[in-house]
Amino acid sequence: MAKDYNFREVEQKWQKYWYENKLFEVKEDPAKPKFYGLIEFPYPSGAGLHVGHIRAFSSIEVIARKKRLEGYNVLFPIGFDAFGLPTENFAMATKQHPRKVTDANIKKFVEQLKKIGYSFDWSRVVDTTDPDYYRWTQWIFLQLFKRGLAYKATTMVNFCPSCKVVLANEESQNGVCDRCGAEVIQKEKDVWFLKIREYAERLLEGLDHVDFPEKIKVEQQNWIGKSTGAEIIFKVKTSGGDYPLKVYTTRPDTIYGVTFLVISPEHPLLQEHKGDIANIGEVEAYQNQAKTKREFERIYMSKEKTGVKINGMVAVNPITGTEIPIFTADYVMMDYGTGAIMAVPGHDQRDWDFAKKFGLPIIEVISGGDVTVEAYVDKEGGTMVNSPLINGLPVKEAINKMIDYMEARGIGKRKTDYKMKDWAFNRQRYWGEPIPIINCPKCGQVPVPEEELPLRLPDLEDFSPTDDASSPLAKCKDWVNTTCPICGGPATRETDTMPQWAGSSWYFLRYMSPNCETAPVDPEAYKYWGQVDWYNGGMEHVTRHLIYSRFWNLFLYDIGVVTNPEPYKRRSAQGLILGADGEKMSKSRGNIVNPDDVVNAYGADVLRIFILFIGDYEKPAPWSPDGIKGCSRFTARLWNLQDMLVEDCDTSDLNLDALIKKVSDDYESIKFNTAIAHIMTALNTIYARGKVTRKEFNTILLLLNPVAPHITSELYEIINNGAKIEQQSFPTYDPAKLISDTVEIPVQIMGKVRGRVTVARGASQDEVLNAILGLGLLEGKSVVKVIYVPDRIINLVVK
RNA sequence: GCGGGCGUGGCGGAAUUGGCAGACGCGUUAGAUUCAGGUUCUAAUGGUCGCAAGGCUGUGCAGGUUCAAGUCCUGUCGCCCGCACCA
């Protein structure tokens with residue numbers, strides 16, 4: 001009898017063996033096919049590793065270990081996305097330097113990750129806060145700047161009064177700060193932007209060339225939000241002559257139904273022609289109201305349309321020549337389209353609501369609905385009416401004809417627009433990459449010379465944020481005051497730092513050559529490793545990190561740093577691990593599971609098995625404290641197979657080839673739960689028989705090795721005279737042996753299973769019918785119809 | 001409002017894409033082992049009727065297509081995620 005499995009001893013033994021012998025450290029090797037597997041590097045928070053991390057990392061871990069056994073040269077790196085607010089806040093609260101906090105947190109993460117037995121290449125660890133790393137983050141920013149893709153602009157920004165930072169649109173969900181939950185206010189501020197909008201079309205197009213789950217593609221498409229329509233010029237009569245007011249519309253076909261224009265409260269027309277506005281007081285009051293209104297209210301609280309008519313100005317419909325009134329209303333946004341719309345209340349519900357409230361005329365120009373009840377917005381049905389140039393046409397044709405007509409006369413033109421906004425690229429905080437720009441009173445914005453990179457963060461005594469939304473770095477006069485690299489005159493440094501998402505936008509490249517001093521990535525290393533073959537991460541990053549990093553990679557492609565326009569070949573996304581109560585894990589709910597506790601109680605292998613067995617990898621799954629016991633039993637049963645080992649026995653009850661195929665296929669298609677279930681089934685078969693052959697045992701160990709590397713390594717060594725499992729090959733199957741010679745065919749009568757017969761594979765219908773006769777199912781009945789699906793099922797329709 | 005997904009035993013979840021519903025695991029019940037608790041092993045386990053063989057019923061709900069539906073179609077209810085006055 002084998003003694004009980006001691007996971008503590010065994011797991012320690014193998015981790016020591018792997019890490020001391022550097023088994024997972026790789027070099028470029030042209031003789032071997034490469035596989036680059038990537039997981040989203042963690043933010044090293046003080047709370048340590050979360051079970052969510054375990055699920056996120058375990059998929060690529062399994063694939064990486066499998067690919068190694070299959071002879072691939074596998075790059076499976078790990079790093080830390082370590083700049084960011086929580087660290088800075090914790091550092092302030094405990095009066096330490098964020099550097100110290102970061103180092104301590106990373107150290108803790110490394111220890112935890114090694115205890116799980118992950119097969120990371122520990123020689124390539126990347127830390128975004130390391131000056132040798134952020135030197136290149138800054139370098140990439142400078143390249144963007146030099147090509148006009150980074151610019152500073154004064155705009156209204158989302159400002160979190162609690163974190164005291166300007167937030168990107170992506171960070172202020174529903175008008176509350178993503179980080180702290182405080183309500184976001186609008187503030188005017190100088191902000192750095194990256195022109196991601198210029199890449200919108202290519203980011204959209206690139207999705208056709210990558211293997212991402214459909215939901216990710218759709219989400220990114222929606223985020224980019226491409227729409228095609230027309231920009232149309234309405235002349236506005238002012239004292240200074242005609243002002244060409246551009247409106248954006250996707251429905252130029254409805255131009256005969258325009259009964260008023262609406263411009264955003266921030267629209268420059270209001271400022272530029274103040275003098276012409278008879279009720280300027282009223283208009284300005286409305287502008288101020290809109291300004292202070294938080295985004296939240298603007299969207300949710302105000303179902304009721306509000307607005308003010310601009311007296312003293314009228315616009316002219318370029319097609320009909322009719323004079324129409326102009327309104328300003330906050331349902332029109334300055335940052336989409338042109339900030340001005342032509343209102344067609346008959347065929348746009350928002351315009352309809354507005355027209356009803358303000359008693360404006362509603363004209364039907366497409367038949368098919370009842371515009372006295374609601375707007376008729378259908379683009380598919382309906383034909384044009386009351387529209388002399390396009391009467392009788394279906395909508396789509398009318399759109400094209402109308403644009404052609406307007407283009408020919410210079411009234412309007414085709415226009416494509418995107419919802420995605422430029423990326424606000426700065427924070428007023430300390431713990432981030434300094435933006436390498438010098439402001440010179442004479443020369444303007446001057447890039448820090450590349451040879452001076454990295455531009456290091458100065459050590460500050462006090463790095464708390466300021467209420468006036470300026471960066472703590474501004475307080476460090478020695479650092480701020482410098483000389484202009486161009487004219488040599490006195491100048492000041494940019495004091496804002498880069499956002500959290502900067503460092504993570506290119507880290508996957510750095511892993512290929514983490515110590516390269518001449519470029520972000522060594523071209524030779526890139527040539528070998530190329531694209532990430534498989535990248536796993538969370539759905540929450542789809543419209544942030546995943547799109548930002550595609551953008552940066554595309555830019556680096558344009559400037560010749562990389563040779564693939566898309567960074568990731570394949571992407572998968574794990575579902576959330578919920579608490580045992582089915583709710584999202586959170587401190588306040590008290591339903592957080594600490595992976596350390598699980599490792600201490602059951603061992604790393606059990607944790608790894610369970611996190612993958614818990615359910616469909618891509619769907620959310622509640623943590624189940626009881627379920628883990630089953631996985632623990634499973635490892636014990638595996639261990640006890642030693643006592644059943646025989647050199648020979650009847651193995652016809654277990655089709656190893658079929659098992660290999662199922663498990664391999666399931667791993668590759670991210671169905672780890674069923675892969676493990678198949679191995680459990682095999683174990684049940686073996687237990688029922690009480691014997692296991694060496695071949696079966698070895699096969700099972702190899703199949704399970706990527707999931708549970710410790711116990712399988714130990715068992716392999718024990719039963720094979722000290723041989724090492726990592727030197728073996730992943731099992732392959734013989735397709736010819738997948739199928740047995742005989743098949744059991746369920747016999748249905750009127751669609752219900754009434755019996756079953758065993759026949760030779762490929763048996764004819766008559767042979768099966770003959771076999772059925774012996775069952776005595778058909779007494780007193782006559783068969784009217786037979787449906788036979790060879791080797792599958794037979795169904796008899798009887799009377 | 002728009003987009004994506006989901007609804008299957010007491011629970012987590014399977015189901016080769018129209019072909020045996022409930023794999024695998026948890027839990028439960030019974031038996032064996034054990035002084036006992038735990039562990040381990042064996043068996044049973046959707047509901048219901050029946051001593052039994054067996055029958056009926058069953059994938060949110062209501063219809064439909066089909067020899068055959070968890071899977072397809074129509075309608076409907078509920079839940080989750082993303083976007084959201086995007087012109």
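Just so it is clear: chains get the letters A, B, ... in the order the sequence lines come, proteins before strands, and each one is counted from 1. Note that this is a predicted model, so its numbers are computed, not measured.
- The P atoms of B:G9 and B:G70 are separated by 14 Å, rounded to the nearest whole Å.
- Put simply, the side chain of A:Lys419 and the base of B:C83 share no donor and acceptor less than 3.5 Å apart.
- Comparing A:Gly225 and A:Glu744 along RNA chain B, the residue whose closest nucleotide (by nearest heavy atom) sits nearer the 5' end is A:Glu744.
- Pairing for B:G18 is absent, judged as Watson-Crick or G-U wobble with the two contacts each under 3.5 Å.
- In this structure B:C2 sits in a base pair with B:G82, meeting the Watson-Crick or G-U test at under 3.5 Å.
- B:A62 sits 25 Å from B:U16 when the P atoms are compared, rounded to a whole Å.
- Shown here, B:C41 forms a base pair with B:G31; the pair counts as Watson-Crick or G-U wobble because both key distances fall under 3.5 Å.
- Positionally, the nearest nucleotide of RNA chain B for A:Thr674 lies more toward the 5' end than for the other of A:Pro746 and A:Thr674.
- A donor-acceptor contact under 3.5 angstrom links the side-chain atoms of A:Asn795 to the base of B:C67.
- Note on A:Val753: only backbone sugar-phosphate atoms sit closer than 4.0 angstrom, heavy atoms only; bases stay farther off.
- The P atoms of B:C2 and B:U76 are separated by 13 Å, rounded to the nearest whole Å.
- Pairing of B:A36, defined by two Watson-Crick or G-U wobble distances under 3.5 Å, is not identified with any nucleotide.
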